[in-house]
Amino acid sequence: MTEAELPEREGMDYDVVVVGAGPAGLATAIRLRQIAEERGEDLSVVVVEKGSEAGAHILSGAVVDPVGLDALLPGWREESDRPLVTEVNDDHFYLLGPAGGARLPNFVMPPLMNNHGNFIGSLGNVTRWMAQKAEALGVEIYPGFAASEVLYDDNGAVRGIATGDMGVDREGNPKGEFTRGMELRGRYTVFAEGARGHLTKRLIARFGLDAGREPPKFGIGLKELWKVKPEKHKPGLVQHAFGWPLGGKTGGGAFLYHMEDEQVMVGFVLHLNYQNPYLSPFDEFQRFKTHPIFRDTFEGGKRISYGARAITEGGYQSVPRLTFPGGVLVGCAAGFVNVPRIKGSHNAMLSGMLAAEHLADALVAGRSHDEVASYEGAWRSSAVGKDLHKVRNVKPLWSKFGTYIGIPLGALDMWTNTLGFSFFGTLGHGKSDAQSLKPASEFKPIVYPKPDGVLTFDKLSSVFISNTNHEEDQPIHLKVRDLGLQKSSEHDIFAGPSNRYCPAGVYEWVEETGAEPRFQINAQNCVHCKTCDIKDPNQNIDWTAPEGGGGPNYPNM
Ligand SMILES: Cc1cc2nc3c(=O)[nH]c(=O)nc-3n(C[C@H](O)[C@H](O)[C@H](O)COP(=O)(O)OP(=O)(O)OC[C@H]3O[C@@H](n4cnc5c(N)ncnc54)[C@H](O)[C@@H]3O)c2cc1C
Ligand code: SF4
């Protein structure tokens with residue numbers, strides 16, 4: 001059925017439509033309703049979320065800097081159902097070699113790296129709790145609905161979004177239970193899709209929001225949640241490590257966070273500007289857990305959950321223009337992660353609040369569908385801008401000089417920035433992550449150890465415990481623009497890196513005798529991390545939203 005033959009969509013009108021019920025989107029919605037109450041205005045706010053519930057698609061560390069929650073919901077620490085209860089009480093940094101490692105003394109760390117006063121917890125649970133707060137303030141939240149299209153008015157301004165049609169078969173034909181998507185129209189639309197938002201990507205291209213900015217940069221973060229033996233559990237302990245198993249040229253590192261109830265979150269972030277197409281982020285993560293300093297934590301424990309998600313790493317110099325006619329970007333859709341601290345949730349909330357304040361002023365002044373340029377003008381001098389400015393050179397120095405020289409230089413730069421100056425000015429990132437992959441002929445295949453099923457695991461058993469579920473009879477949401485190019489380049493030149501960088505085993509090159517290799521996409525396994533959209537060397541894969549409610553169902557990641 002063509003678009004013209006489909007029944008017309010029904011629509012609803014709001015003052016503000018928010019795409020994404022993560023910390024950024026919910027902070028925007030909460031702040032808008034708070035301002036409405038303070039001013040005695042009535043601002044209608046709706047939030048759409050592609051996960052089956054708020055929090056279902058949230059994967060983070062997380063050590064949360066409470067500065068965002070303190071500003072948004074100041075009484076949160078006194079509430080009995082508060083989502084963060086474990087305060088950091090011990091903070092360790094390690095440089096690892098294969099057989100051991102050195103713990104770095106805390107006094108060499110720039111003060112901004114100190115985790116004392118932060119909280120360890122599940123950002124998914126923080127999000128669930130924020131969603132309740134938002135609803136109590138009168139925000140409408142629709143989980144299970146993916147925003148699949150941006151709506152524009154005749155002047156080219158954003159006028160809202162459309163949710164995807166439900167009940168479409170693999171070939172694109174309506175099935176028995178077909179339901180047309182809805183138009184959610186707003187005087188302003190807030191894009192809070194998180195790292196590599198698929199509508200955000202289109203908006204950046206359409207409005208040239210990245211003009212004059214450095215390319216966006218990303219890492220892939222993989223994470224497991226473990227229940228460990230009581231004697232291995234040290235609530236409040238935060239451990240960060242870099243070095244092994246990655247070589248000096250590949251950026252990344254690991255974290256272990258001990259939260260309440262004998263739960264330990266272990267994760268691994270690998271910078272997506274890696275060059276070797278044989279590298280497998282998933283297998284590097286599995287290897288990390290076997291390191292002698294850390295393996296003991298997991299002995300006798302049980303893995304409860306697994307997931308993966310891209311994290312933004314471009315920082316200050318990569319943030320695109322945040323405003324355009326009818327809409328704004330907030331949170332990781334814009335890329336507000338402080339890379340050396342591996343923290344973005346506080347800036348997600350603070351940027352949402354800042355956007356809400358500028359949008360509320362515009363709404364009260366009777367404006368709509370124009371550019372709220374004052375928000376763009378305000379963020380660099382706000383707490384978010386100041387947080388990112390101090391660490392802006394860490395990622396470029398790490399990328400340029402590798403782990404062993406780049407990290408000390410980055411630390412020096414953070415120290416001098418704390419005092420108000422930098423020897424480096426503001427460094428650029430250079431290539432995009434897709435461009436940094438080199439041909440397979442320049443490397444030897446990497447042979448990773450086989451998983452033991454106790455401490456290390458394979459991808460499929462991992463995806464199983466991410467509770468990922470998609471309706472199978474629907475169009476494939478991972479769109480390969482040119483299959484010929486995928487074969488002649490991704491397969492022939494780069495030896496099929498998608499098979500390794502995808503943390504969920506979605507992509508396979510099926511080689512059968514007498515036939516051309518065939519690119520198989522097991523789309524139902526997709527955990528929505530967005531890595532393929534970022535790392536495909538030809539930018540030939542577009543991640544689009546599958547039917548709402550599909551994807552992972554993370555319990556408390
Ligand atoms: C491995 C890892 C570790 C991290 N560790 C930390 C840490 O320790 N501390 C910290 O502060 N930060 C950490 N971060 C970063 C932090 O998670 C992010 O900064 C934060 O989640 C950004 O919030 P957000 O609301 O902008 O985006 P997200 O949290 O990504 O939320 C976006 C939401 O929008 C929904 N969505 C997206 N597109 C659509 C659509 N089209 N339609 C409907 N819904 C949509 C998504 O399903 C999701 O629920 C980590 C990130 C990773 C990946
Ligand atoms: S298909 Fe893409 S978005 Fe989905 S899990 Fe794999 S790399 Fe991530």
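Numbering of ligands and ligand atoms starts at 1, following listing order. Along the sequence shown, residues are numbered consecutively beginning with 1.
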In terms of atom number and element, which parts of ligand 2 are under 4.0 angstrom from non-hydrogen atoms of [X]?
X	answer
Trp543	3 (S)
Leu478	1 (S)
Cys532	1 (S), 2 (Fe), 3 (S), 7 (S)
Val506	1 (S), 6 (Fe)
Cys526	1 (S), 3 (S), 4 (Fe), 5 (S)
Tyr507	1 (S)

Aromatic plane relationship, [Y] with [X] - under 30° parallel, 30 to 60° tilted, over 60° perpendicular:
X	Y	result
Phe294	Phe288	tilted
Phe207	Phe324	parallel
Tyr501	Tyr507	perpendicular
Trp226	Phe457	tilted
Phe519	Trp509	tilted

Ligand 1 versus [X]: contacting region, heavy-atom distance under 4.0 Å:
X	answer
Phe336	neither
His57	side chain
Ala348	side chain
Val337	side chain
His198	side chain
Val19	side chain

Option whose closest heavy atom lies nearest to [atom], chosen from [options]:
atom	options	value
atom 8 (Fe) of ligand 2	Cys529, Pro281, Ser466, Ala310	Cys529
atom 3 (S) of ligand 2	Lys535, Lys530, Lys459	Lys530
atom 28 (P) of ligand 1	Gly51, Gly197, Gly194, Ala545	Gly194
atom 32 (C) of ligand 1	Gly20, Gly221, Ala192	Ala192
atom 16 (C) of ligand 1	Pro552, Ser60, Cys332, Ala308	Ser60

* For ligand 2, the portion of Asn525 having any non-hydrogen atom under 4.0 Å away ->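 Neither; nothing of Asn525 gets under 4.0 Å from ligand 2.
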
* Check Val527 against ligand 2 and report side chain, backbone, both or neither, counting heavy atoms closer than 4.0 Å. => both

Any donor-acceptor pair under 3.5 Å linking the side-chain atoms of [Y] with those of [X]?
X	Y	value
Ser436	Gln275	no
Asp536	Gln486	yes
Ser462	Arg303	yes
His528	His470	yes
Asn114	His116	yes
Asp387	Asn338	yes
Asn522	Gln524	no
Glu224	Ser305	no

* **Sub-4.5 Å side-chain heavy-atom contact between Ser52 and Pro143** => no

* **Lys390 and Met414, any side-chain heavy atoms less than 4.5 Å apart** =>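 Side chain of Met414 against side chain of Lys390, heavy atoms only: no contact under 4.5 Å found.
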
Among all the protein's non-hydrogen atoms, which is closest to [atom], and how far away is it?
atom	value
atom 21 (O) of ligand 1	Leu123 CD2, 3.4 Å
atom 8 (O) of ligand 1	Val63 N, 2.8 Å
atom 51 (C) of ligand 1	Ile311 CD1, 3.5 Å
atom 37 (C) of ligand 1	Glu193 O, 3.3 Å
atom 53 (C) of ligand 1	Arg309 O, 3.5 Å
atom 4 (C) of ligand 1	Gly61 N, 3.1 Å
atom 42 (N) of ligand 1	Ala147 N, 2.9 Å

* So is Gly267 close enough to ligand 1, meaning a heavy atom under 4.0 angstrom away? -> no

With heavy atoms of [X] as the reference, note each atom of ligand 1 found under 4.0 Å away.
X	result
Ser345	10 (C), 11 (O), 12 (N), 19 (O)
Gly331	26 (O)
Ile342	5 (N), 6 (C), 7 (C), 8 (O), 9 (N), 10 (C), 12 (N), 13 (C)

* **Heteroatom test (N, O or S) for Cys502 near atom 4 (Fe) of ligand 2, limit 2.8 Å** => no

Decide whether an N or O pair under 3.5 Å exists between [X] and ligand 1.
X	answer
Ala24	yes
Lys50	yes
Lys343	no
Val269	no
Pro23	yes
Glu49	yes
Gly344	yes

* Positive for side-chain hydrogen bond (donor to acceptor under 3.5 Å, both in side chains) with Asn115, one of Lys343, Glu87, His92, Arg341 -> Lys343

* Asked: So, does Gln239 use its side chain to make a donor-acceptor pair with the main chain of Phe93 at under 3.5 Å?
  ->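 Absent.
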
* What do the steps show when you test Glu357 against Tyr375 for side chain to side chain donor-acceptor pair (under 3.5 Å), and what is the final call? -> CA-CA 8 Å; Glu357 278 152 24; Tyr375 167 49; over 6 Å; no

* Asked: Can you name the nearest heavy-atom pair linking His477 to Ala523, along with the distance?
  -> CE1-O, 3.5 Å

* Structure fact -> Tested for ring-ring contact (aromatic ring centres under 6.0 Å, His included) against Tyr306, the lone hit among Tyr554, Phe282, Phe285, Phe268 is Phe282

* Is the gap between the ring centers of Tyr257 and His240 under 6.0 Å? ->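 Centroid distance Tyr257-His240: below 6.0 Å, so yes.
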
